[in-house]
There are 2 protein chains.
Amino acid sequence: MNRLGPTLLKPRKAPKQTRSAATIEAIHTATIQVLLAEGVARLTTTRVAERAGVSIGTMYQYYPHKQALLFAIVEQQLETVTAFMLAAADRLRGRHVGDVAEGLATAWLDVKTSDSQAFRAIYSIAAEFDLAEGMGRALKHMAEVMSQLLAAAPDANFEDCDAVAFMLASMIGGSVRTVMDAAASEENLMRLRRELPLACRAYVTAVR
Amino acid sequence: MNRLGPTLLKPRKAPKQTRSAATIEAIHTATIQVLLAEGVARLTTTRVAERAGVSIGTMYQYYPHKQALLFAIVEQQLETVTAFMLAAADRLRGRHVGDVAEGLATAWLDVKTSDSQAFRAIYSIAAEFDLAEGMGRALKHMAEVMSQLLAAAPDANFEDCDAVAFMLASMIGGSVRTVMDAAASEENLMRLRRELPLACRAYVTAVR
DNA sequence: ACCTGAACACCGTTCAAGT
DNA sequence: ACCTGAACACCGTTCAAGT
């Protein structure tokens with residue numbers, strides 16, 4: 001499986017002119033519109049270009065291929081989530097490990113269910129192309145933030161703080177993703193919202 | 001009122017069916033071979049047909065479209081996993097809740113990492129088409145088995161056993177999937193193998 | 001009755017030709 | 001310098017024509 005380097009996934013052209021910036025913005029929003037209105041299967045370069053009001057040739061001036069476009073969308077979503085989680089982390093600094101774990105789980109649930117339609121739509125992009133690198137990076141980043149937070153807790157006494165943070169990030173990210181794209185009924189989301197914070201608290205308290 | 005169909009009037013030995021079975025099997029293994037050798041992006045109907053030694057027309061006689069073929073592959077994998085987990089469940093019946101949770105996590109890790117190459121390859125199919133239904137069904141089934149197992153534990157005293165089982169299934173399935181397709185380094189798999197059973201035990205023990 | 005593969009509609013991507 | 005869209009290679013799927 002060939003993995004594209006990050007260089008190739010970036011926009012080919014920097015938007016120096018206001019016009020270019022507007023064009024990129026138009027392509028960007030057109031992509032999300034087409035995705036929400038027609039689904040992944042019908043998300044084609046032709047349709048996006050048409051909706052954005054540019055020719056395909058122009059689109060290929062800004063994004064070297066379809067993957068680059070999708071990558072940009074996912075990247076933006078990832079940044080939103082990251083910013084939200086960093087804010088939550090700030091509020092949790094210095095609290096006891098149980099509170100930290102529970103607070104992180106709740107924050108993650110909040111941000112992921114806040115605009116679930118868009119989030120699910122963008123999740124569905126993931127499979128279409130190689131998202132592994134971006135997701136891996138996000139997971140690692142989350143784990144680092146969590147590790148730092150856990151280490152700063154007054155009752156912290158972990159044998160391997162990084163490992164605990166990694167497990168926490170994996171179980172929060174993984175369970176929310178699984179429920180959201182495999183069984184996102186109202187009842188299941190309620191269960192998750194009730195049980196996941198408990199599970200996270202129980203885990204860190206037990207290994208503290 | 002059961003009228004005998006023409007099927008029963010045909011020769012009892014049906015060479016056609018044996019041949020069909022062989023053809024289906026050939027298509028099936030060809031799909032996995034192409035997937036492993038060339039990746040999802042190059043998994044095309046043409047290539048599968050060529051590798052299986054049949055024409056595309058013939059392939060479309062057995063599978064109405066590409067999705068049906070992929071679905072069949074995923075379905076078979078799901079059955080393997082289910083059988084493995086049911087066997088593990090049998091061994092864990094009547095044990096304490098902590099042992100049950102830990103044992104289930106370990107069993108899941110074992111089956112998912114046993115032939116990780118094939119599992120990751122087949123996971124990668126998921127995104128390509130609508131796997132949500134199959135995954136949702138598998139998750140529900142897992143949760144049911146776990147619920148029954150937890151309820152049968154001698155020290156069980158859950159307020160909502162189904163919710164706990166659902167959470168357990170989500171966190172086991174989700175974290176393993178996330179790590180495997182986003183950050184499957186040897187170190188991370190080791191961490192997961194060490195921490196996930198602990199987390200599961202801590203959770204069920206805390207809410208028991 | 002069953003298999004074949006050219007043909008079709010559509011996709012992602014390119015690039016000569018315009019402005 | 002930048003945009004356009006016909007053209008290209010390839011995809012999933014069909015169906016008239018073979019055996």
Side-chain angles (χ1 to χ4, degrees), chain A residues 1-2 4 7-28 30-31 34-35 37-73 124-125 127-130, chain B residues 5-7 9-11 13-27 30-31 34-35 37-73 124-125 127-130:
Chain A
M1 221 178 296
N2 66 346
L4 295 161
T7 327
L8 288 178
L9 291 171
K10 284 181 183 165
R12 148 180 305 183
K13 205 170 168 181
K16 19 189 128 174
Q17 289 163 353
T18 19
R19 183 118 148 272
S20 304
T23 306
I24 289 210
E25 182 56 32
I27 294 173
H28 203 281
T31 307
V34 172
L35 183 62
E38 317 219 28
V40 218
R42 291 174 64 81
L43 181 68
T44 68
T45 51
T46 322
R47 257 183 277 267
V48 170
E50 195 185 2
R51 188 113 179 191
V54 298
S55 75
I56 354 144
T58 299
M59 226 179 76
Y60 273 84
Q61 246 180 272
Y62 294 103
Y63 298 99
H65 41 245
K66 193 187 175 185
Q67 285 206 356
L69 174 58
L70 302 185
F71 185 79
I73 306 278
S124 75
I125 287 180
E128 197 79 5
F129 75 118
D130 196 4
Chain B
T7 330
L9 295 174
K10 282 180 179 172
K13 185 190 159 198
K16 231 184 339 186
Q17 290 193 352
T18 348
R19 204 144 62 127
S20 303
T23 306
I24 288 205
E25 181 57 31
I27 294 173
T31 306
V34 172
L35 183 61
E38 318 219 28
V40 218
R42 290 175 63 81
L43 181 68
T44 68
T45 51
T46 321
R47 257 183 276 267
V48 170
E50 194 184 3
R51 189 113 179 190
V54 298
S55 76
I56 354 145
T58 299
M59 225 178 76
Y60 273 83
Q61 247 181 267
Y62 294 103
Y63 298 98
H65 41 245
K66 194 188 175 186
Q67 284 206 358
L69 174 59
L70 301 185
F71 186 78
I73 307 277
S124 74
I125 286 180
E128 197 80 6
F129 76 116
D130 197 6

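In what follows, every chain begins at residue 1, and chains take the letters A, B, ... in the order their sequences are listed. All heavy atoms count here, side chains included; hydrogens, waters and symmetry mates do not.
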**Student:** Calculate the interatomic distance between A:Met59 atom CE and C:dC11 atom C1'; express it in whole Å.
**Tutor:**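 The answer, rounded to whole Å, is 12 Å.
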**Student:** Just grab all the salt bridge (charged side-chain N to carboxylate O under 4.0 Å, His left out) pairs involving residues 44-59 of chain B, residues at least two apart or on different chains.
**Tutor:** none
**Student:** With A:Thr58, which residues qualify under side-chain hydrogen bond (donor to acceptor under 3.5 Å, both in side chains), at least two apart?
**Tutor:**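 Listed in chain order: A:Ser55.
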**Student:** C:dC3 phosphate, OP1 or OP2: any side-chain N/O from B:Gln61 under 4.0 angstrom?
**Tutor:** yes
**Student:** Between the protein and nucleotides 14-19 of chain D, are there any N/O to N/O pairs under 3.5 Å, and if so, what are the atom names and distances?
**Tutor:**
none

**Student:** In dot-bracket, 5' to 3', how would DNA chain C read with Watson-Crick or G-U wobble pairs under 3.5 Å, [ ] for crossing ones and | for pairs to another strand?
**Tutor:** ||.|||||...|||||.||
**Student:** What heavy-atom pair brings B:Ala52 and B:Ala26 nearest, and what distance separates the two atoms?
**Tutor:** CB-O, 3.8 Å
**Student:** For C:dC3, does OP1 or OP2 lie under 4.0 Å from any side-chain N or O of B:Ser55?
**Tutor:** no
**Student:** Between CG of B:Leu69 and CD1 of B:Ile27, what distance do you get to the nearest 0.5 Å?
**Tutor:** 7.0 Å
**Student:** Atom NE2 in A:His28, atom CD1 in A:Ile73: separation rounded to 0.5 Å?
**Tutor:**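 Atom-to-atom, A:His28:NE2 and A:Ile73:CD1 are 3.5 Å apart.
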**Student:** Output the residues of residues 42-54 of chain A in contact with DNA chain D, where contact means a heavy atom of the residue under 4.0 Å from an atom of the strand; sort by number or write none.
**Tutor:**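 Correct list: empty, so none.
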**Student:** What's the shortest heavy-atom distance between A:Val34 and A:Arg42, and which atoms?
**Tutor:** CG1-O, 3.9 Å
**Student:** For B:Ala72, enumerate each residue passing the side-chain contact (heavy atoms from CB on, under 4.5 Å) test, keeping only those at least two apart in sequence or located in another chain.
**Tutor:**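 Result, side-chain contact (heavy atoms from CB on, under 4.5 Å) vs B:Ala72: B:Tyr63.
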**Student:** Can you name the residues that form a salt bridge (charged side-chain N to carboxylate O under 4.0 Å, His left out) with B:Glu25, not counting sequence neighbours?
**Tutor:**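 Applying salt bridge (charged side-chain N to carboxylate O under 4.0 Å, His left out) to B:Glu25 gives none.
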**Student:** To the nearest Å, give me how far apart CD (A:Gln67) and P (C:dC11) are.
**Tutor:** 18 Å
**Student:** Can you check whether A:Thr58 has a side-chain N or O nearer than 4.0 Å to OP1 or OP2 of D:dT4?
**Tutor:**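 So the side-chain polar atoms of A:Thr58 do come within 4.0 Å of the phosphate oxygens OP1 or OP2 of D:dT4, strictly under.
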**Student:** Please enumerate all residues that pass side-chain hydrogen bond (donor to acceptor under 3.5 Å, both in side chains) together with B:Thr46, with sequence neighbours excluded.
**Tutor:**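 Checked B:Thr46 against side-chain hydrogen bond (donor to acceptor under 3.5 Å, both in side chains); zero matches.
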**Student:** Which atoms form the tightest heavy-atom contact between B:Thr31 and B:Leu43, and what is the distance?
**Tutor:**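 Looks like O-CD1, 3.6 Å.
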**Student:** Holding to side-chain hydrogen bond (donor to acceptor under 3.5 Å, both in side chains), I want the full list of residues that pass it with B:Thr44, two or more places apart in sequence or in another chain.
**Tutor:** none
**Student:** In whole angstrom, give the distance that lies between atom NZ of A:Lys66 and atom P of C:dG12.
**Tutor:**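 Those two atoms, NZ and P, are 4 Å apart.
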**Student:** What nucleotide, of C:dC3, D:dT13, D:dC3, holds the atom closest to the side chain of A:Tyr62?
**Tutor:**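 Closest nucleotide among those given: D:dC3.
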